[in-house]
Structure formats: structure tokens, C-alpha cells
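Here the structure is a predicted model, which is why all the values come from computation and not from measurement.
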Protein chains: 2
Amino acid sequence: MEKVNNTSKRERILDVAEELFARHGFDGVTMREIANGAEVDVALASYHFGKKRDVFNAVFMRRADMLNQSRREVLYASEGKQQTLEQIIEAFLLPLKLAQETGDPGWRNYLALLAYIMASPVWSKEMMPKIYDRLVEEFIDALRGVLPGATDERIYWCYHYLSGALTLTLAQTGRIDRLSKGKCKSSDFESAYEYMVPFVAGGFRAVCGETK
Amino acid sequence: MEKVNNTSKRERILDVAEELFARHGFDGVTMREIANGAEVDVALASYHFGKKRDVFNAVFMRRADMLNQSRREVLYASEGKQQTLEQIIEAFLLPLKLAQETGDPGWRNYLALLAYIMASPVWSKEMMPKIYDRLVEEFIDALRGVLPGATDERIYWCYHYLSGALTLTLAQTGRIDRLSKGKCKSSDFESAYEYMVPFVAGGFRAVCGETK
DNA sequence: AGTGTAATTCAACATGCGTTGAATTCGCAA
DNA sequence: TTGCGAATTCAACGCATGTTGAATTACACT
């Protein structure tokens, strides 16, 4: 198996597909563009993964398990102990820290792809239940623990707002760069994380009542 | 000019394109699907609007001016008077109330299309500066007025979270329905609006300091 | 060195795409 | 009723698409 730049052709296909799908969506990318970017014949992607949809699936799944497991570990790290609202939110926002710390552009591309899927009515229904929906109920449970007086309706809506703020951040559209005239940067996940935790916590407290 | 169902063929093309583009994105829709949905020959869309991209543009522009003007009016309705943080946020979330009050499915489709554009790195850069970016600076100014001690960096990030929460709401992915087992509904813009105002206000106060 | 299997390329297919120019129909004014 | 321009359809073009089967190369094992 030929190797170039320390990665196999198979992985290079996934890397390129990840980046292109995140930017242009499923239908905005052709098999030939993927093959071109990976410097590979167009038939090779089909050989390894099958149909175009299977390439998309393979990209989606490659980092899904790792991310989910990492998230679960953080959430249960302080199990038994008295968790704070901020700790729970931090656990949920883990992908931001993760992408920032590794510095791997592949992770940033993957998270942008996740944002594309989250915001799409069609792909959200198709992909999110496979992996990511499962853990949400555990987050909601943790939130119920620190927001004893709140109704489920309020908690789920607040979770939805959190999810939206996260999604737009991961998408890295560059709009905040333009609007703020460079004072903020889409690529600056560290700042996004730093302000997002207190923002969301403040929102939850305003809607779901006081916490201990 | 032939009329059916009180709408011209030209408008029917825009209506169908609006719905399809919102669900499947620009590349996920063909001219023939649009023509089929509008019960019209495929060449007619090109005759009226030009290229496929021009159809997309026409759909985007059709309701843009109206929405922007409506927003501006609400923002300056309480000009001079002492505005509250909540009033500013309410003005920004106007599309939610608007879509809910008219009950027009066309508006819901348009707002979903707006969400698609907002979350896409490519389309966001191309479309948002045309109309929607202009008003944002006025919102930021209003926010500065009620958050005197806050840095621009903090205000822009908070605005970004607000924008994200709104975007995911407009997208109507149906995910909150599934996660909450029916307790919340993506289509329920009234509840989304009701909880979003205090959530965002609480977030701003937590990050940008106290308000009067 | 030789053999078998996986990896990769080559060549080509059927199909669907956006777009266009010519032909036809419609709606209204003279 | 005739004429004329706008609206609409018809037919077809050149091209790019996803996919596949056969041919070729690379590689591990004996």
C-alpha cells in the first residue's frame, strides 16, 4: 500500500472529502473533486467505500465514536460529586476545546461538517440519531439535577439554544470576522469557548430558575 | 398571463424553489424539480430569471427587503426612549413572530432558507452582506447603549450566540421534537420566541455585565 | 523467483444536468 | 379580426455526473 506524506490514499480520500463536504455540502461535491484533491483516480473512492453516500457516511463515522466517548468521559468525570451548571456545559462544549488543543485541521473540518449536518433538516434526521442523539438524554439528566424546579419543556428549549450557538460556531462562516471588523475571529475557538460557557449558563439560569 | 390558484406561474416557481432550496440546498435541487413542483416547463424558470443561481438570488431577495424594513421599524420604534435589553432582543427575533403571525408557509420556508445560508460558509459570505449585514451594526449600537461596561469583543460574541440560536430555530430540523419526545416542537415558533428572549438576555448579562 | 491477493488505474457506460433557440400559444390593444 | 409582444412549451445540445468491469500494478509470503 503506497504511502505519501505519512497517510494512505484511503485516508487521504476521507480527509479531502471531509473538507469538501463541510464547505459545500453533500450535493456540492463531486467524486472527481474528491479524487482530484486526494491525487487519486476517481474509481478508488468507490472501491474503498462504495457509493458516494457511503463516502459521506465513512467520513461522518470516522471521528464520531472518539468524540462521543470523550464527551461521555468528561460528563461522568465528576459523577457522584456535586456538579455545577458550568461543568455540565463545559462537558458539552468539549469539541471546541478538543479541536483547539489538537490543532489538527482535520478536526476543525469534521466539526464544520457536523455543523452542516446539524443545520440541515434532511441530514439532521438521517445522521444525528445514529450516534449523537444518545448522549443528549444523559446531558439533559445532568441538567435536571442542577435545575430542580425547571420543566422539561424549558430545559429542552434551552438545550436547543445551546446547540444552535455551538453549531454556528463550528460552522466557521467567517461572518463574525466581517461584522466585528476583525475584533473577533471564527477560527478563535478558544474565545468562543471562553464566553460561551457563562453565556449559556446565564441563559439557563434566566429561563430555568436558580441553581444551588 | 395564465393564473391558477390565484398565483402566476412566475411566483409559483419562486415558491417551489424557496421550499426546495431550504430543504436540500442549492446543489441538492435541480431546475427540473423546481419546474415539476410548479407544474411548468423547465425552460420557463430560465426565461424569467436566467441561470439557476439567479433563481436562487430571486428567492433570496423577494422577502429580504420587507423583512429588513420591518426589523428596522421595530428597532427604532422606541428610539430616544430608554430601551431595555429585552426590547432590543425582541426586535432582533422579529422574524419568528412574523412567520408565526402570518401563518404563511412561504415565510417559514424563506426563514429556513435563511438558516441554510447563515450556516453555510460559502453562501453566508456571498449572500449576507447584500442585505442583512447592514442592520447588524445598528443592533450592536443599541446593545452598546444598554451594556455600557462591555467590550466590543464580548458583545460581538454574544451576538454570535444569539444568531446561532436563532439560526437553528429557523432551520426547523425536527431534532428537538425527537429528543424531547414530543414535549417541544420545531414548528412551535411561539414557544421558541417566548423562552429565547430571557435566555439570550440572561446570557448577555452574564458575559457583558449588569444593565440598568 | 513465483504466486496470489489487495490496491490502484483505465476506459467507458448510461443518465441526468443546465441552458438555449426555435416554435407555439396566450392576452390584449387597435 | 388581426396583429404583436409577452409568456410558455418543445426539442435538443454539449457536458459532467456516479458507477462499474476489466486491466494493471504493488506488495506480502513462501
Side-chain angles (χ1 to χ4, degrees), chain A residues 1-62 113 116-117 120 122-123 126-127, chain B residues 1-62 113 116-117 120 122-123 126-127:
Chain A
M1 193 161 46
E2 186 196 355
K3 300 238 180 182
V4 180
N5 285 2
N6 211 22
T7 60
S8 70
K9 295 195 173 182
R10 185 192 154 102
E11 273 183 82
R12 253 160 48 215
I13 291 173
L14 289 180
D15 288 340
V16 173
E18 195 171 53
E19 182 179 347
L20 292 179
F21 281 143
R23 277 194 75 76
H24 305 103
F26 179 79
D27 297 296
V29 176
T30 71
M31 296 289 270
R32 281 171 174 82
E33 286 171 331
I34 295 173
N36 230 20
E39 298 177 274
V40 146
D41 187 87
V42 67
L44 192 58
S46 295
Y47 167 76
H48 279 302
F49 305 105
K51 316 256 177 203
K52 182 183 176 186
R53 177 162 300 230
D54 299 322
V55 177
F56 191 79
N57 245 288
V59 170
F60 177 78
M61 286 302 186
R62 182 168 57 152
L113 177 67
Y116 161 75
I117 291 172
S120 153
V122 174
W123 291 107
E126 179 153 343
M127 309 299 272
Chain B
M1 191 162 46
E2 185 196 357
K3 300 237 180 183
V4 179
N5 286 1
N6 210 22
T7 60
S8 70
K9 293 194 173 183
R10 186 192 154 101
E11 274 184 80
R12 252 159 50 214
I13 290 173
L14 290 179
D15 287 340
V16 173
E18 194 171 53
E19 183 179 345
L20 292 179
F21 281 142
R23 278 193 76 74
H24 304 103
F26 179 80
D27 298 296
V29 177
T30 72
M31 296 290 269
R32 283 170 172 83
E33 287 172 332
I34 295 172
N36 232 19
E39 295 176 277
V40 146
D41 187 85
V42 67
L44 192 58
S46 294
Y47 167 75
H48 277 302
F49 305 105
K51 316 256 177 202
K52 181 185 177 185
R53 178 163 298 231
D54 300 321
V55 178
F56 191 78
N57 244 288
V59 170
F60 176 78
M61 286 301 186
R62 183 167 58 151
L113 176 68
Y116 161 74
I117 291 172
S120 152
V122 174
W123 290 107
E126 178 152 346
M127 309 298 273

Q.
Once you apply a heavy-atom cut-off of 4.0 Å, does B/Val29 come out as touching a base, just sugar-phosphate, or nothing?
A. sugar-phosphate
**Q.** Most 5' of A/Ser46 and A/Glu33 on DNA chain D, judged by nearest nucleotide
**A.** A/Glu33
In whole Å, I'd like the distance from the [atom1] atom of [X] to the [atom2] atom of [N].
X	N	atom1	atom2	result
A/Asp27	D/dA16	CG	C1'	15 Å
A/Glu11	C/dT8	CD	P	12 Å
B/Leu20	C/dG18	CG	P	12 Å
B/Lys51	C/dC17	NZ	C1'	14 Å
B/Phe49	D/dT8	CZ	C1'	14 Å
B/Phe26	C/dG18	CZ	C1'	10 Å
B/Phe56	C/dG18	CZ	P	14 Å
B/Asp41	D/dA11	CG	P	10 Å

Q) Do the side-chain N or O atoms of A/Lys52 get closer than 4.0 angstrom to the phosphate oxygens (OP1, OP2) of D/dT17? A) no
(Q) Under 4.0 Å from OP1 or OP2 of D/dT8: is there any side-chain N or O of B/His48 that close? (A) yes
**Q.** Pair A/Tyr116 + A/Phe21: ring centers closer than 6.0 Å
**A.** no
Q: Can you measure from CZ (B/Arg23) to CH2 (A/Trp123) and round to the nearest 0.5 angstrom?
A: 12.5 Å
**Q.** Upstream residue (5' side of DNA chain C) when A/Val42 and B/Arg53 are each assigned their closest nucleotide
**A.** A/Val42
Q: Verify, without hydrogens or angle tests, whether A/Glu33 (side chain) and A/Thr30 (backbone) share a donor-acceptor contact under 3.5 angstrom.
A: yes
Q.
Can you tell me whether the side chain of B/Arg32 and the base of C/dG18 have a donor-acceptor pair closer than 3.5 Å?
A. yes
Q: Output yes when A/Lys52 and A/Asp27 qualify as a salt bridge under the 4.0 Å nitrogen-oxygen rule, no when they do not.
A: no
Q. Can you tell which of B/Asp15, B/Leu14, B/Ile13 makes a side-chain contact (heavy atoms from CB on, under 4.5 Å) with B/Val59?
A. B/Leu14
The side chain of [X] lies closest to which of these nucleotides: [options]?
X	options	answer
B/Thr30	D/dT19, C/dG18, C/dT19	C/dG18
A/Leu44	C/dT8, C/dT19, D/dA7	C/dT8
B/Tyr47	D/dC10, D/dA7, C/dC10	D/dA7

